[in-house]
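Numbering of ligands and ligand atoms starts at 1, following listing order.
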Amino acid sequence: MRFDIVTLFPGYFASPLGESLVGRAVERGILDVHLVDLRDFSDDPHRKVDDEPYGGGPGMVLTAPPVFAAVEALRSEVGAPPHVVFLSPQGRRFDTRCARELAARPRVALVCGRYEGIDERTRAAGLFDEEISLGDFVLSGGEAAALAILEAVSRYLPGVVQDAVSVSADSFEDGLLDHPHYSRPRSFRGLDVPEVLFCGHHEEIRRWRREEQLRATLERRPDLLGAAPLDDEERALLERLARERRSP
Ligand code: SAH
């Protein structure tokens, strides 16, 4: 899959693109990441891409011409046209579903804003296919959001995460949070690993993990439970856990 990242700070991505799962995916050609320096599209001799806001006020605005030029250059390249995403706190909230949708596309361009924001005419002209937000907070630029999205999306590309089962068991995949994980040592500071994990009985362990998923979701993210696809047995189990919580 190809990503084009349009940014004022291409250097920001150097280390993350060389490390860990994403680094290996890039090395193995599963991920092809192109960094596009927005300043290359400025027609200013000083490569300026920002200017003062009309109407006054603090800060600077990312001007329209270089952003149009950069996106149009990407769209005019031969091959699959990119799905162009502007990263913005005003966009649709990024989540697992959004990550899967992006992973199904051959090419995605992530445009990183800076300063007070971007000239509104980029939106008015429909320059972007969509706007995505990392959450209800404001970053100083889209770069951290681009990295988070790149990493979350790449987990769905075949071959990036070695064990595909580990992705399908992650939090949110089946509408619930993940179950707890334990490893050596068996006893640590007086805390023991649950006995069931040593019983060697796969079905029993599976059932225990499912119950722990329900328990974690009930305790930490009860808002997810309404939409989680649960069978009758799991609904009954959830009822029991909820009752236990009310009167332990
Ligand atoms: N004044 C703007 C925010 C500008 S922050 C507003 O309130 O809407 C500068 C840039 O950082 C934005 O253009 C965007 O590209 C990026 N950014 C900030 N918060 C973000 C978020 N939650 N998700 C994705 N990108 C974000």
N or O pair under 3.5 Å between [X] and ligand 1:
X: Gly117; value: no
X: Phe137; value: yes
X: Leu134; value: yes
X: Ile118; value: no
X: Glu116; value: yes
X: Gly135; value: yes

Just heavy atoms, cut-off under 4.0 Å: does Ser88 contact ligand 1 by side chain, backbone, both, or neither?
backbone
Side chain, backbone, both or neither: which applies to Phe86 and ligand 1 if a contact is any heavy-atom pair less than 4.0 Å apart?
side chain
Min side-chain heavy-atom separation [X]-[Y] under 4.5 Å:
X: Phe94; Y: Val85; value: no
X: Arg155; Y: Val160; value: no
X: Asp119; Y: Thr63; value: no

For atom 17 (N) of ligand 1, which of the options Gly59, Ser133, Pro89 provides the nearest non-hydrogen atom?
Pro89
Close-contact set for ligand 1 against [X] heavy atoms, below 4.0 Å:
X: Gly142; answer: 11 (O), 15 (O), 16 (C)
X: Tyr115; answer: 4 (C), 5 (S), 9 (C)
X: Gly141; answer: 10 (C), 11 (O), 16 (C)
X: Gly113; answer: 10 (C), 11 (O), 13 (O), 15 (O)

Using non-hydrogen atoms of the residue, decide whether Ser140 is closer than 4.0 angstrom to ligand 1.
yes
Protein contact of [atom] - nearest heavy atom, named by residue and atom, plus distance:
atom: atom 8 (O) of ligand 1; value: Gln90 NE2, 2.8 Å
atom: atom 15 (O) of ligand 1; value: Leu87 O, 2.6 Å
atom: atom 5 (S) of ligand 1; value: Leu139 O, 3.2 Å

One thing to verify: whether [Y] and [X] come together as a salt bridge, which I'm taking to mean a side-chain N less than 4.0 angstrom from a carboxylate O.
X: Arg209; Y: Asp178; result: no
X: Glu77; Y: Arg107; result: yes
X: Arg75; Y: Glu72; result: no
X: Glu195; Y: Arg186; result: yes
X: Glu212; Y: Arg215; result: yes
X: Glu101; Y: Arg97; result: yes
X: Glu244; Y: Arg240; result: yes

Are Leu177 and Val167 joined in one hydrophobic group, where the rule is that I, L, V, M, F, W and Y side chains link up if heavy atoms are under 4.5 Å apart?
no
